[in-house]
2 protein chains.
Amino acid sequence: MTVTIYDVARESGVSMATVSRVVNNNPNVKPQTRKKVFDAIEKLGYRPNAVARGLASKKTTTVGVVIPDISNTIFSEVARGVEDIANMYRYNIILCNSDKKKEKEIQVINTLLEKQVDGLLFMGGTVSEDHIQAFKTASVPIVLCGTKEESEKIPSVDIDHEKAAYDAVQSLINAGHRDIALIGGNFEDLAKGFARYQGYKKAMEDAGLTLNEDLIRVGNFRYESGLESMKQFLQTERKPSAVFAVTDEMAIGAIHAIQDEGLKVPEDISVISVDNIRMASMVRPLLTTVAQPMYDIGAVSMRLLTKLMVNEEIEQSQIILPHELIQRESVASLS
Amino acid sequence: MTVTIYDVARESGVSMATVSRVVNNNPNVKPQTRKKVFDAIEKLGYRPNAVARGLASKKTTTVGVVIPDISNTIFSEVARGVEDIANMYRYNIILCNSDKKKEKEIQVINTLLEKQVDGLLFMGGTVSEDHIQAFKTASVPIVLCGTKEESEKIPSVDIDHEKAAYDAVQSLINAGHRDIALIGGNFEDLAKGFARYQGYKKAMEDAGLTLNEDLIRVGNFRYESGLESMKQFLQTERKPSAVFAVTDEMAIGAIHAIQDEGLKVPEDISVISVDNIRMASMVRPLLTTVAQPMYDIGAVSMRLLTKLMVNEEIEQSQIILPHELIQRESVASLS
DNA sequence: CTGTTAGCGCTTTCAG
DNA sequence: CTGAAAGCGCTAACAG
């Protein structure tokens, strides 16, 4: 029923090897025989079996990607970059959601490896010792995407989260703000939550400003938590004149909390954040934020992985992509 | 270097067949031997090769999913439903973006089939004759997710887009609106763009209202086009009292166009749409919309596919999921 | 330029 | 409950 390379060989009167050659575009085939083979392929409706090929060649041309949550816009934009480049180099991707649960992450890494992926792209929260251990059992290259780990042994691509946060806060300070609140994210998340907090702290300290515990809240990176956090700031007697939210979603939540209170952004309170998700330019006022190049992070990670998979020489295995402050409408100068 | 089932067999003093049995949880193995085998597996760090297994068993436990654009929130929410259920039934998914380009769609369908996926989930715009042709060459089940085709031969799951649009517009009419503008989407997109337009038209006609060409614009489903379309309506002398946008994104664009003009939603103009993306409850005013269960559409599609893949009896192969009007803040009564 | 021949690592009858 | 053996469909030397 299923037509194999053998059937094509018989039909066209050549050997399997020759059929294999024409299917794989090997130049060492006389144009004439090539034609015969193509005709047979067409006639029989032959479709090469990639699984058999994978077993024989030990290459599957598919890469595994573990992602926290594909329905989260921030990751889905990265994923698009990943897939586009994968595609460009003829790879397919097996996508696995992990919800940043360590157990789940380790589990999917293993099943991906069982499936003999040619490489692995890992996007997650923190990379623990257990992760490293799991990676070690792999015989294929791995790149971290949007994270990194201490030792910097594993190739990775990300932005400098601390610096991005620093730049955001500094721009607030430059605009004359002194009472700057922070809506942070999970500090356990070293690569992102903690790093962005560090950037805030450093910018404040460098400006000779002291951190005020009352002006620090930690949310979960999401809209609702930004809204909640801001509501609480609004109840304190000495309201901040500006707030730095560690993600756009929380910033937008904050903006709405402010507006719901009858106050205006940026006239009464300025808001800034980091990310630049699509929605940042789909709100009023337009959100001022430090852009992180989501698509590029995915694309560059995948490009790096393709190089690693063919043992290509690479100049740089710890890649930091640039971020950029996008001035829009949510920050006012206090002069 | 790589440890195979044969190595485990030797190490534990049993046959490959027995090792295969314990790995596959076949009950016909004496607990004692089972233990021996597990010990050997652990000792050698054996990891089953899913590609070899796939070749031998003709099952890969992976399904292909072709999706228009994973970075589009509407599809990424569906994708999450798909992956969750796939996972639950031990399948992995190979994800391919198609951008709704027919050529690309056909191409990825073919490579997915070459990779011997056990089933195919297709989300796209319109399903043409060429698609059907490509599907026919497949020997595995296929389900359409968020689309359908004329003949209804191919299993599918979706909502009733026409009825959803109808309900939205009808609610506007019930609220006393008469001048209801439409911001539509590509009419070539039969399953969605055109169907939703039909719903609008029918609701108007059923209420004895005549369609006004000046009050109809077609966008591309996205925010910017909603904003643009609304701007144009605002310049006409007889402004609509309400607008029905075929997607939430366009509705939000419309809201901003209205607000940018110094008018208020819903006091001056009401806005309603269909979708209920996460952002619908992350704007001011909160968007009133007809919710389509994105996650469920993905989950139910995948569940249907899992049944098809094991030849399970199915009662219903054309599944229509319910939609629901979510009253929030963007529609005012004209009484 | 083309054919022969081993496998790739696992599942699956078929015996026993 | 366990083993032997025959493939699954293809690639990759190696010859010629």
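Letters A, B, ... are given to chains in the order of the sequence lines, protein chains preceding strands, and every chain is numbered from 1. No experiment lies behind these values; they were computed from the predicted model shown.
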Would you list the atom pairs, donor with acceptor, under 3.5 Å between side chains in residues 292-300 of chain A and any protein atom, with sequence neighbours excluded?
unit_1, atom_1, unit_2, atom_2, d
A:Q292, NE2, A:D275, OD1, 2.9
A:Y295, OH, A:D84, OD2, 2.5

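Among A:V65, A:I109, A:V108, A:I67, the single residue meeting the side-chain contact (heavy atoms from CB on, under 4.5 Å) criterion with A:C96 is A:V108. Checking each of A:L121, A:L304, A:I154, A:D158 against A:L144 for a side-chain contact (heavy atoms from CB on, under 4.5 Å) leaves exactly one that passes, namely A:I154.
For the pair A:V51 and B:Q116, the tightest heavy-atom approach, listed with the atom from each and the gap, is CG2-CG, 3.5 Å. The heavy-atom pair separating A:R80 from B:S71 by the smallest distance is CB-CB, 3.9 Å.
Atom CG in B:N26 sits about 10 Å away from atom C1' in D:dC1, given to the nearest Å. Atom CD in B:E114 sits roughly 15 Å away from atom P in D:dG9 (whole-Å rounding). Put simply, NZ on A:K59 is 15 Å from C1' on D:dC10, counting in whole angstrom units.
Atoms CG and CD, from A:D130 and A:E105 in turn, are 10.5 Å apart once rounded to the nearest 0.5 Å. With rounding to the nearest 0.5 Å, the separation of CG in A:D118 from OG1 in A:T62 is 6.5 Å.
Between A:Q318 and A:S156, the side chains place a donor N or O and an acceptor N or O closer than 3.5 Å (distance only, hydrogens not considered).
Between B:S15 and the phosphate of D:dT2, there is no side-chain N or O to OP1/OP2 separation shorter than 4.0 Å.
End-to-end axis angle of the helix from C:dC1-D:dG16 to C:dG16-D:dC1, from C1' rotation axes over five pairs per end: 30° (rounded to 10 degrees).
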Strictly under 3.5 Å: I want the nitrogen or oxygen pairs between protein and nucleotides 13-16 of chain D, one per line.
none

Please write out the pairs of protein N or O atoms and N or O atoms of nucleotides 8-10 of chain C separated by less than 3.5 Å, giving the distance to one decimal.
unit_1, atom_1, unit_2, atom_2, d
C:dC8, O3', A:K58, NZ, 3.2
C:dC8, O2, A:A56, N, 3.2
C:dG9, OP1, A:K58, NZ, 2.9
C:dG9, OP1, B:T2, OG1, 3.4
C:dG9, N2, B:A52, O, 3.4
C:dC10, OP1, B:Y46, OH, 2.5
C:dC10, OP1, B:N49, N, 3.1
C:dC10, OP2, B:I5, N, 2.4

>> Between B:T61 and A:K115, does the side chain to side chain donor-acceptor pair (under 3.5 Å) criterion hold? Intermediate values first, please.
In response: CA-CA 10 Å; B:T61 63; A:K115 297 228 165 167; 3.1 Å; yes
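Residues of residues 29-39 of chain A having a heavy atom closer than 4.0 Å to DNA chain C, listed by number: A:V29, A:K30, A:T33.
Looking at heavy-atom distances under 4.0 Å, A:V14 makes contact with sugar-phosphate atoms alone, never a base.
In this structure, A:E315 places its CD atom where more than 12 heavy-atom neighbours from other residues, nucleotides or ligands lie under 6.0 Å away.
Residues meeting the side-chain hydrogen bond (donor to acceptor under 3.5 Å, both in side chains) test with B:N186, sequence neighbours left out: none.
Figure legend: cation-pi geometry between A:K153 and A:F135 absent, as NZ or CZ is not positioned both under 6.0 Å from the six-membered ring centre and within 45° of its axis.
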